[in-house]
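Here is the structure we will look at, set down as structure tokens.
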Amino acid sequence: MAVHEHPHRNSGLHLPSLRRNRIASASGASASAETDTHTALAYTLASLRLLTGFVFLWAFLDKTFGFGYATPSGKGWIDGGSPTKGFLGSVAAGPMRSTFHSWAGDTWADWLFMLGLLGIGVALVAGLALRLAAVAGTLMMALMWLAEWPPAKHLADGSPSMSTNPFADYHLVYAVVLIALAAFSAGDALGLGRLWANLPLVRRSRWLR
């Protein structure tokens, strides 16, 4: 009877070991897949951050120097042109139409708009102060949304507005992108986010993150 018990006893010793190896292997594969997913997400958000930053920086540079794209050559800010006069002065719909007309071309409006473009662009490209960039950028996009006023079917003169969507336009998309980049700390990959976060001032005031 003892002879028949030995194989059974040895078999019982090997099974838990195999089971532990399988669990450890599955756990390692799961951790590796999770790491890969996290890395892919980090670099995807970093790419989105850099592209969005270039949008803001290019707008600043073109309006400043008049590269001949949205701003004609010789009409740049350094040439005496106004970055806000054309856009705000042509607002033709919405509840803030008269307000935007009164702001168009004002020195304070020009400086605030251009500093906003520059600051948001630099913050996104460098990957620092993304929360401040998100707040400033969302406010800017909200004002520009109001200026274009997508809900309008017709302009003040009765002509079709040519609005493609009564609510969701590219200004809202940019605002959501800015908020998402800040929420997921998108400056940590391909940026200075980690260095910025470890500064004593930023560690004390997390809203600067």
Side-chain angles (χ1 to χ4, degrees), residues 45-150 152 155 163 168-183 186-187 190-193 195-196 199 201-202 205 207-209:
L45 289 174
S47 300
L48 180 61
R49 189 197 83 236
L50 291 170
L51 288 173
T52 307
F54 181 71
V55 170
F56 282 88
L57 271 184
W58 177 259
F60 170 80
L61 293 172
D62 185 53
K63 292 178 185 301
T64 299
F65 301 105
F67 290 147
Y69 287 87
T71 305
S73 179
K75 299 291 185 180
W77 197 23
I78 62 170
D79 300 310
S82 170
T84 63
K85 188 174 183 178
F87 178 65
L88 295 182
S90 63
V91 172
M96 294 186 64
R97 184 165 63 97
S98 60
T99 301
F100 287 133
H101 287 176
S102 68
W103 291 354
D106 282 357
T107 301
W108 69 267
D110 288 345
W111 275 93
L112 195 60
F113 178 58
M114 295 299 280
L115 288 177
L117 289 177
L118 178 61
I120 295 167
V122 170
L124 290 175
V125 170
L128 47 83
L130 294 186
R131 293 182 182 179
L132 288 176
V135 172
T138 298
L139 178 59
M140 180 184 289
M141 293 300 103
L143 288 171
M144 295 180 75
W145 186 89
L146 287 170
E148 293 201 1
W149 196 243
L155 303 179
S163 175
D169 76 339
Y170 66 98
H171 295 106
L172 293 185
V173 174
Y174 279 136
V176 172
V177 167
L178 289 170
I179 293 169
L181 293 175
L190 302 178
L192 303 175
L195 292 175
W196 175 259
L199 293 177
L201 177 61
V202 179
S205 306
W207 59 272
L208 292 173
R209 179 72 169 84

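For clarity, every value in this text was computed on a predicted model and none was experimentally measured.
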Would Trp108 and Trp103 count as a side chain to side chain contact (heavy atoms under 4.5 Å, CB included) if you check the C-alpha gap in whole Å, the side-chain angles of each, and the deciding distance to 0.1 Å?
CA-CA 9 Å; Trp108 69 267; Trp103 291 354; 3.6 Å; yes

Stepwise side chain to side chain contact (heavy atoms under 4.5 Å, CB included) test for His101 and Leu88:
CA-CA 6 Å; His101 287 176; Leu88 295 182; over 6 Å; no

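- Of the possible donor and acceptor atoms, one in the side chain of Ser163 sits under 3.5 Å from a partner among the backbone N and O of Pro150.
- To the nearest 0.5 angstrom, Leu172 atom CG is 10.0 Å from Met141 atom CE.
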Between Val55 and Tyr174, does the side chain to side chain contact (heavy atoms under 4.5 Å, CB included) criterion hold? Intermediate values first, please.
CA-CA 10 Å; Val55 170; Tyr174 279 136; 3.7 Å; yes

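- We find the CG-CG distance between Leu124 and Leu48 to be 9.0 Å, quoted to the nearest 0.5 Å.
- Atom CG of Leu61 is separated from atom CE of Met114 by 8.0 Å, given to the nearest 0.5 angstrom.
- Atom-to-atom distance recorded for Trp196:CH2 and Leu208:CG is 6.5 Å, nearest 0.5 angstrom.
- Ring centroids of Trp58 and Tyr69 are separated by less than 6.0 Å, placing the two rings close together.
- The side-chain heavy atoms of Ile78 and Phe65, taken from C-beta on, include a pair separated by under 4.5 Å.
- Of the possible donor and acceptor atoms, none in the side chain of Thr138 sits under 3.5 Å from a partner among the backbone N and O of Val135.
- For Leu132 against Trp207, the heavy-atom pair with the smallest separation is CD2-CZ3, 3.6 Å.
- The one candidate from Asp106, Asp110, Thr107 that meets the side-chain hydrogen bond (donor to acceptor under 3.5 Å, both in side chains) condition with Ser82 is Asp110.
- Looking at every heavy atom in both residues, Ala186 comes nearest to Arg49 through O-NH1, 2.7 Å.
- The closest donor-acceptor contact from the side chain of Asp169 to the backbone of His171 lies under 3.5 Å.
- For the pair Trp111 and Trp77, the minimum side-chain heavy-atom distance is below 4.5 Å.
- Nearest heavy-atom pair across Leu181 and Leu130 is O-CD1, 3.7 Å.
- Counting all heavy atoms, side chain and backbone alike, Leu155 lies closest to Ala93 at CD2-CB, 4.1 Å.
- At least one donor-acceptor pair under 3.5 Å links the side chain of Ser90 to the backbone N or O of Phe87.
- Taking OG1 from Thr71 and CG from Asp62, the interatomic distance works out to 4.0 Å, rounded to the nearest 0.5 Å.
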Assess the residue pair Phe56 and Leu178 against the criterion (side chain to side chain contact (heavy atoms under 4.5 Å, CB included)); give the C-alpha distance rounded to whole Å, side-chain angles, the decisive distance to 0.1 Å, and a yes or no.
CA-CA 11 Å; Phe56 282 88; Leu178 289 170; 4.2 Å; yes

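- Looking at every heavy atom in both residues, Tyr170 comes nearest to Glu148 through OH-OE2, 3.1 Å.
- How far OG1 of Thr84 is from NZ of Lys63: 9.5 Å, rounded to the nearest 0.5 Å.
- Between Gly89 and Ala104, the shortest heavy-atom contact is N-CB, 3.6 Å.
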